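To keep things clear, I will list the structure first and then write my remarks on it.
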Amino acid sequence: MFNFRRFFLISVPYIWLLLLFLVPFGIVLKISLSDSALAIPPYSPTFDLSAGWAGFREMWAAFDFENFLWLVDDSLYIKAYLSSVWIALVSMILTLLVGYPIAYGMAKAPEEWRPTLMMLIILPFWTSFLIRVYAWIGILGSQGYLNQFLLWIGVIDEPLVLLNTSLAVYIGIVYTYLPFMVLPIYATLEKLDGDLLEAAEDLGCSRISAFWLITVPLSRPGVIAGCFLVFIPVVGEFVIPSLLGGSRTLMIGKVLWDEFFANRDWPLASAVAVILLLILIIPIVLFQRQQQRAQEAGQ
Amino acid sequence: MKPMKKSVLAALSALALATPALAEEVHVYNWSDYIDEELLVQFEQETGIKLIYDVYDSNEVLETKLLAGSTGFDVVVPSASFLARQIKAGVYQKLDKSKLPNLVNVWPEIAERVSVFDPGNAYSINYMWGTTGIGYNVKKVAEVLGDDAPVNSLALVFDPKNMEKLAECGVHFLDAPDEVIPAALRYLGEDPNSGDVDVIAKAQPVLEAVRPYVRKFHSSEYINALANGEICVAFGWSGDILQARDRAAEADAGIEIDYKIPKEGALMWFDQMAIPADAPNPDGALKFLNFILEPKVAAAASNYVYYANGNKASQQYLNEDVIGDPAIYPDEATIKNLYVKEAYDQKTQRFATRMWTAIKTGN
């Protein structure tokens with residue numbers, strides 16, 4: 001017998017996927033195969049429902065891969081993709097280095113403190129992300145708080161150039177994405193069975209080697225989840241590098257902005273976005289697999 | 001009747017009276033910091049039309065919205081070179097000039113120059129115009145380059161020998177290839193309005209030679225950076241630099257900023273008010289345009305933003321520090337030496353943007 005309840009429950013996530021991912025992606029893919037034009041909207045062919053099947057075939061015939069060839073032709077795009085992936089990797093490692101100790105500290109804290117600590121991690125989300133990035137401009141500028149403080153305590157004689165550098169971009173990214181790293185790691189560390197550590201120590205393991213032999217491997221699912229949650233959005237990051245970075249910071253988000261706004265070439269901008277998505281699908285699929293394995297292991 | 005009910009009734013009747021007056025709305029989309037806000041109140045009081053005013057800070061953002069369509073805006077203010085290609089894309093509707101009696105006040109010379117972009121001035125009226133030139137910190141530049149520093153020449157920003165020294169005190173350039181490339185071409189003696197990619201390419205070595213000495217390419221940060229002494233030279237828009245001059249003077253920290261139109265000539269740009277083809281209230285938009293064309297209104301706007309307007313009749317109402325300032329209202333000879341730049345076509349635009357990225361990022 002056909003199970004309506006089951007069908008309904010399963011269909012909800014698929015409808016979600018269809019409406020919020022596949023349909024927009026189809027539109028972007030369609031534009032990426034079109035040519036730019038001086039019109040509203042600025043590309044052709046446009047999808048004309050009233051022309052029916054003939055109109056659709058005409059549109060299909062006008063499609064080509066010219067924009068994708070262009071992306072291969074000019075080394076700018078490949079460099080921008082690579083540079084974005086590199087920045088995302090470095091940011092991910094930095095965020096992990098900062099986030100793991102925080103998560104570890106939270107998990108080791110007395111149980112009655114944990115909700116408060118959790119709250120402190122989530123609290124910054126209550127303020128606009130944009131305002132928090134702007135605040136870093138005030139901190140890192142040549143007349144900013146950090147420089148004033150360093151001058152005051154006498155560590156430096158001249159203001160450091162911090163703003164508009166790669167360092168500022170990394171600071172901004174690590175700060176913004178830290179909760180995405182801390183929360184999944186904390187979730188795994190909190191569930192960690194303390195008896196295992198005790199057993200290790202009883203068997204003559206030092207606390208440090210017990211940490212490396214037991215805590216770290218068991219927290220791996222959280223670490224991997226945190227790394228993906230940071231890496232994937234940072235690759236396409238646009239706001240942080242454009243506010244905190246200098247003109248030399250090359251990222252694919254900025255290239256996409258230029259194609260869309262400065263060149264008003266929506267088809268090429270869409271092609272950049274499609275390739276970006278393909279680059280990101282690889283880690284997303286790996287993430288999915290890892291999650292599945294973790295779930296199976298948990299059962 | 002209880003007193004409370006009375007007040008509710010009064011509020012309701014007030015609402016009923018107020019509603020028809022507020023039913024008509026005009027949506028205006030203008031550049032940020034680009035009008036005296038008292039004028040907006042004055043417009044509402046004079047016409048009874050509710051004005052909904054929103055701002056943007058780049059032509060590209062405006063253009064993208066317009067090309068996507070159905071913006072809901074009744075009046076927008078693109079720069080003339082952008083306006084020209086937007087007209088070709090069918091973004092605007094022709095102005096019904098019978099509803100703009102104040103057109104008699106326009107400055108014919110400005111209208112004529114704008115007609116390169118908008119033939120016959122059929123689609124737009126001039127709001128403000130200005131130049132792209134050199135803003136500098138008088139004391140610091142003299143310290144670095146001596147008293148005979150070429151502040152009135154493009155050599156100040158395009159000669160690496162000058163720029164190497166100026167890098168110490170900081171230089172900003174506009175992040176706008178459409179403004180900087182023509183200036184570099186003018187410096188070389190080439191046609192700044194050229195749409196030929198071979199000519200445009202000649203600007204690249206000039207800009208690459210000074211690139212290491214430019215601290216930032218940005219189109220608005222230089223106002224504050226000049227005013228508080230973080231940089232000593234900016235290649236930017238006249239009115240913005242004059243705002244920096246005023247802020248520096250107000251702060252009274254011993255920083256003196258000045259603006260010069262380079263002797264080689266400068267780009268003359270125009271911000272034009274136009275009505276999108278799909279404007280919800282074109283009649284209200286025309287009323288707003290006619291209001292802006294009133295001499296006293298145009299003068300008040302210029303007195304506030306320090307840009308020249310295209311309204312000849314407004315000049316008698318301008319403050320002396322506006323009409324008398326050659327940086328805002330240059331003399332005849334200087335105006336003759338100014339050049340205009342038309343919009344690049346799609347291919348040339350792509351070439352210019354790509355070249356600009358190469359200059360900025362080294363890729």
Side-chain angles (χ1 to χ4, degrees), chain A residues 31 35-44 46 67 70-71 73-83 134 137-138 141-144 147 158-159 161 163-166 168 241-252 254-269, chain B residues 56 58-71 82 84-92 170 172-173 175-178 211-212 214-218 221 224-225 228-231 276-278 343-363:
Chain A
I31 297 176
D35 295 315
S36 71
L38 197 55
I40 307 175
Y43 55 85
S44 76
T46 47
N67 296 308
W70 184 280
L71 294 187
D73 230 26
D74 189 336
S75 64
L76 170 74
Y77 302 99
I78 292 161
K79 281 182 188 163
Y81 283 122
L82 288 178
S83 151
Y134 266 111
I137 295 179
S142 64
Q143 325 269 324
N147 268 315
E158 256 178 56
V161 179
L163 200 58
N164 305 327
T165 61
S166 311
S242 57
L243 287 178
L244 301 177
S247 314
R248 282 186 189 275
T249 317
L250 185 65
M251 283 193 85
I252 200 67
K254 174 70 181 145
V255 170
L256 205 149
W257 195 96
D258 273 346
E259 291 302 341
F260 194 71
F261 288 94
N263 291 341
R264 11 164 244 304
D265 193 335
W266 293 19
L268 196 71
Chain B
Y56 56 91
S58 89
N59 268 311
E60 286 81 5
V61 170
L62 171 66
E63 183 167 77
T64 304
K65 288 197 183 193
L66 289 170
L67 290 177
S70 318
T71 55
F82 282 79
R85 65 176 175 228
Q86 288 156 8
I87 290 174
K88 285 185 198 139
V91 168
Y92 299 112
H172 275 196
F173 271 26
D175 188 6
D178 295 37
R211 169 67 185 94
V214 178
R215 191 175 290 174
K216 192 161 191 182
F217 291 88
H218 197 278
E221 269 180 26
N224 275 326
N228 61 29
E230 271 195 52
I231 58 170
D278 56 3
Y344 292 134
D345 63 35
Q346 177 77 30
K347 263 198 180 138
T348 317
Q349 180 71 52
R350 160 166 297 288
F351 180 82
T353 309
R354 181 66 188 85
M355 190 174 111
W356 190 243
T357 308
I359 292 162
K360 281 196 304 180
T361 66
N363 281 295

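A, B, ... follow the sequence lines: proteins, then strands. Residue 1 opens every chain. Nothing here was measured: the structure is a model prediction, and the numbers come from that model.
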How far apart are the closest heavy atoms of A/Asn263 and B/Gln349, and which atoms are they?
OD1-O, 3.6 Å
Taking every non-hydrogen pair under 4.5 Å, which of B/Glu221, B/Arg85, B/His218, B/Lys360 racks up the most with chain A?
B/Arg85
Residue part contacting chain B, namely of A/Tyr43, when any heavy atom lies under 4.5 Å
neither
Side chain / backbone / both / neither for B/Arg354 at chain A, heavy atoms under 4.5 Å:
side chain
Is the shortest side-chain heavy-atom distance between B/Trp356 and A/Asp258 below 4.5 Å?
no
Is there side-chain contact between B/Lys216 and A/Asn164, with heavy atoms separated by less than 4.5 Å?
yes
Nearest 0.5 Å, what's the OG1-NZ distance between B/Thr361 and A/Lys254?
10.5 Å
Mind listing the closest non-hydrogen atom pair of A/Asp265 and B/Arg350 along with its distance?
OD2-NH2, 2.7 Å
May I ask you to decide whether B/Glu60 forms a salt bridge with A/Arg264, counting only side-chain N to carboxylate O separations under 4.0 Å?
no
B/Val61 versus chain A, heavy atoms under 4.5 Å apart: side chain, backbone, both or neither?
both
Shortest non-hydrogen contact between B/Leu67 and A/Ile40, atoms and distance
O-CG2, 3.0 Å
Contact part of A/Leu250 toward chain B, heavy-atom cut-off under 4.5 Å: side chain, backbone, both or neither?
side chain
Segment of B/Glu230 engaging chain A (4.5 angstrom heavy-atom cut-off)
side chain
Can you confirm whether A/Trp257 is buried at CH2, in the sense that more than 12 heavy atoms of other residues, nucleotides or ligands lie under 6.0 Å from that atom?
yes
